Amino acid sequence: VEGEVPREVVVRLDRGTRIGGMVQDAVRQPIAGVQIRIEGSVRDSGGVAHPLELETVSTDAHGRWSSSAAPPNAEGLRFTLRHPDWMPAMYDGPPAEEAAGGLSLKALLDGTAVMTLEPAIRVAGRVMDEAGRALAGAEVTVASGEGFVNRRTATTDAEGRFQIRVPETGEAHLIARAKGRAPHLQSFALEPTLKPLDLSMSPSQTVRGQVRDHTGLPVAGATVALAGWPSAEQPVFTWQTETGADGSFEWKDAPTEPVLLQVLKVGYEPTSVSTARMADGRLPIWLAAESRFRGKVIDADTKRRVEEFS
């Protein structure tokens, strides 16, 4: 019957073609642990080609890789290479010309196709206190990518030095945090010629506050969180706590510059307050009760109550 779904579908799979090669650096040293995503394409009934992931493989200790998932002619392939210490790269297989950065069919079939990676950008520097003394054990994070969601973290050594490899270019934030020190935020551009980033961390302050309702009673269990930093469009690190039974909270190692805190509690309207409003070492915060509206819906013609509506 036309349109009826068959009870059994037989799909014939062709045997894959074995291909392979090596991944190396600019001086022809092998790179281990590179993830290689191999993509091909498939055509629909209208003849339109759609990308299809065939397999993801990794290079061995000698930088070599192989796959048996290629189509019989091993053409129309794309290779995407990723490694945390190296810049990502993309190579096209045959029929792309080798002069245009493509890989020859012969090299892929022989297992001699060579792909080269450039080193990731090295973000290095030293963390010191206000007197120029090294700060060991400081946590240094580089936030990069769209929305600064890509995070890579290192800890400073006995000399206050750190090094982080970032496999992308563009704008980035460096965030340093250490016990007894105010968080340090620095914006910079990720580029191959990046110079060392030396930074000084000043003593922190402690932010103490109390959350009360409109009647003056303490609000326990309210969430107090970092919501904004003046020198960044959005928070580049997170901090939050909950108020105690007396509505109080404390943030040790807080920034000395004013930041924005958001306060949330079910049954109350959310509010935001700047730490610049601290007075006598304390930050007062007031929460208003959540607005609630009650009423009923009636039919315009019958004047009867409508029990269900959307």
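Values below: all heavy atoms of this structure, side chains included; hydrogens, waters and symmetry mates excluded. Bear in mind the structure is a predicted one, so any value in this text is a computation, not a measurement.
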field: Between S66 and R18: side-chain donor-acceptor atoms closer than 3.5 Å
entry: yes
message: Using a 3.5 Å distance criterion without hydrogens, assess whether the side chain of Y91 forms a donor-acceptor pair with backbone atoms of T116.
response: yes
task: Decide salt bridge (charged side-chain N to carboxylate O under 4.0 Å, His left out) for R126 and E159; before the verdict, give the C-alpha distance in whole Å, the side-chain angles of both, and the deciding distance to 0.1 Å.
output: CA-CA 8 Å; R126 194 177 182 211; E159 296 181 346; over 6 Å; no
message: Return the CH2 to CZ distance between W251 and R208, rounded to the nearest 0.5 Å.
response: 14.0 Å
- prompt: Just by modelled atom types, is the G180 backbone N or O under 3.5 Å from a matching donor or acceptor in the D253 side chain?
  reply: yes
field: L108 vs K106 side-chain heavy atoms within contact, under 4.5 Å
entry: no
message: Regarding N150 and E168, do their side chains bring together a donor and an acceptor under 3.5 Å, going by distance alone?
response: yes
Side chain proximity check, L174 to L185, heavy atoms < 4.5 angstrom: no
- prompt: When hydrophobic residues are tied together by side-chain contacts of less than 4.5 Å, even through go-betweens, does V57 share a cluster with L109?
  reply: yes
message: For E146, is the CD atom crowded, meaning more than 12 foreign heavy atoms sit under 6.0 Å from it?
response: no
task: To the nearest 0.5 Å, tell me how far H173 NE2 sits from F148 CZ.
output: 3.5 Å
statement: Shortest non-hydrogen pair, A120 vs P84, comes out as CB-O, 4.2 Å
- prompt: Among pairs that include at least one residue of residues 22-31, which meet side-chain hydrogen bond (donor to acceptor under 3.5 Å, both in side chains), considering only residues two or more places apart or in two chains?
  reply: none
query: Does a side-chain heavy-atom distance below 4.5 Å link I36 with M115?
result: yes
- request: Take W65 and D60 through the test side-chain contact (heavy atoms from CB on, under 4.5 Å) and record every step on the way to the result.
  value: CA-CA 7 Å; W65 64 273; D60 61 18; over 6 Å; no
- request: State whether the number of non-hydrogen atoms from other residues, nucleotides or ligands found under 6.0 Å of Q205 atom CD is greater than 12.
  value: yes
field: Derivation and outcome, side-chain contact (heavy atoms from CB on, under 4.5 Å), residues V140 and I175
entry: CA-CA 6 Å; V140 181; I175 309 106; over 6 Å; no
query: Is a side-chain N or O of T141 found less than 3.5 angstrom from the main chain of T153, in a donor-acceptor match?
result: no
Donor-acceptor contact below 3.5 Å, side chain T243 vs main chain V219: yes
task: State, with a plain yes or no, whether a side-chain heavy atom of L117 is found less than 4.5 Å away from one of V34.
output: yes
- prompt: For the residue pair P203 and T256, what are the closest heavy atoms and their distance?
  reply: O-CG2, 3.3 Å
task: Mark yes when over 12 heavy atoms from residues, nucleotides or ligands other than R82 sit less than 6.0 Å from its CZ; otherwise mark no.
output: no
query: Just how far is it from atom OG1 of T275 to atom CG of L260, taken to the nearest 0.5 Å?
result: 8.5 Å
field: Rounded distance (nearest 0.5 Å) linking atom CD of E118 with atom CE of M87
entry: 9.0 Å
message: Which heavy atom of T206 sits nearest to which heavy atom of K252, and what is that distance?
response: OG1-CA, 4.1 Å
- request: Please tell me if the side chains of D129 and S202 come closer than 4.5 Å, counting only heavy atoms from C-beta onward.
  value: no
message: For a 4.5 angstrom cut-off between non-hydrogen side-chain atoms, does V166 reach I164?
response: yes
Residues forming a side-chain hydrogen bond (donor to acceptor under 3.5 Å, both in side chains) with R282, sequence neighbours excluded: none
- prompt: Counting distance only, does the side-chain N/O of S68 pair as donor-acceptor with the main-chain N or O of T17 below 3.5 Å?
  reply: no
statement: In short, A32 meets A61 closest at the heavy-atom pair CB-CA, 3.8 Å
- prompt: What closest approach, in Å, do L264 and P270 show between heavy atoms, and which atom pair accounts for it?
  reply: CD2-CB, 3.5 Å
task: Check for a donor-acceptor pair, side chain of R181 on one end and backbone N or O of M201 on the other, with a separation under 3.5 Å.
output: yes
message: If I take atom OG1 from residue T59 and atom NE2 from residue H62, how far apart are they, to the nearest 0.5 angstrom?
response: 11.0 Å
query: How close do K265 and A220 get, heavy atom to heavy atom, and via which atoms?
result: NZ-O, 3.0 Å
query: Going hydrophobic residue to hydrophobic residue with side-chain gaps under 4.5 angstrom, can you get from M22 over to W86?
result: no
query: Taking it one step at a time, do L77 and L54 satisfy side-chain contact (heavy atoms from CB on, under 4.5 Å)?
result: CA-CA 9 Å; L77 300 178; L54 301 176; 3.7 Å; yes
- prompt: Can any side-chain N or O of Q210 pair as donor or acceptor with the backbone N or O of P218 at less than 3.5 Å?
  reply: no
field: Worked check of side chain to side chain donor-acceptor pair (under 3.5 Å) between E130 and S200
entry: CA-CA 6 Å; E130 70 279 7; S200 175; 5.8 Å; no
query: Taking a hydrophobic cluster as the set of Ile, Leu, Val, Met, Phe, Trp and Tyr residues connected by side-chain heavy atoms closer than 4.5 Å, whether directly or through intermediates, do V123 and M128 fall within one such cluster?
result: no
- prompt: Would you say Q186 and L199 make side-chain contact, with heavy atoms under 4.5 Å?
  reply: yes
- prompt: Taking side chain as C-beta onward, heavy atoms only, is R277 less than 4.5 Å from L283?
  reply: yes
message: Quick one about D110 and T112 (side-chain donor to acceptor, distance below 3.5 Å, no hydrogens or angles considered), yes or no?
response: no
task: Determine, stepwise, if the pair R212 / L287 fulfils side-chain contact (heavy atoms from CB on, under 4.5 Å).
output: CA-CA 6 Å; R212 295 178 178 272; L287 286 182; over 6 Å; no
query: How about W286 and Y268: are their ring centroids closer than 6.0 Å?
result: no
- prompt: Is the closest side-chain donor-acceptor distance between Q35 and S58 under 3.5 Å?
  reply: no
field: T156 (side chain) donor-acceptor with V127 (main chain) under 3.5 angstrom
entry: no
query: Can you tell me how far the CZ atom of R78 sits from the CE atom of M90, to the nearest 0.5 Å?
result: 5.0 Å
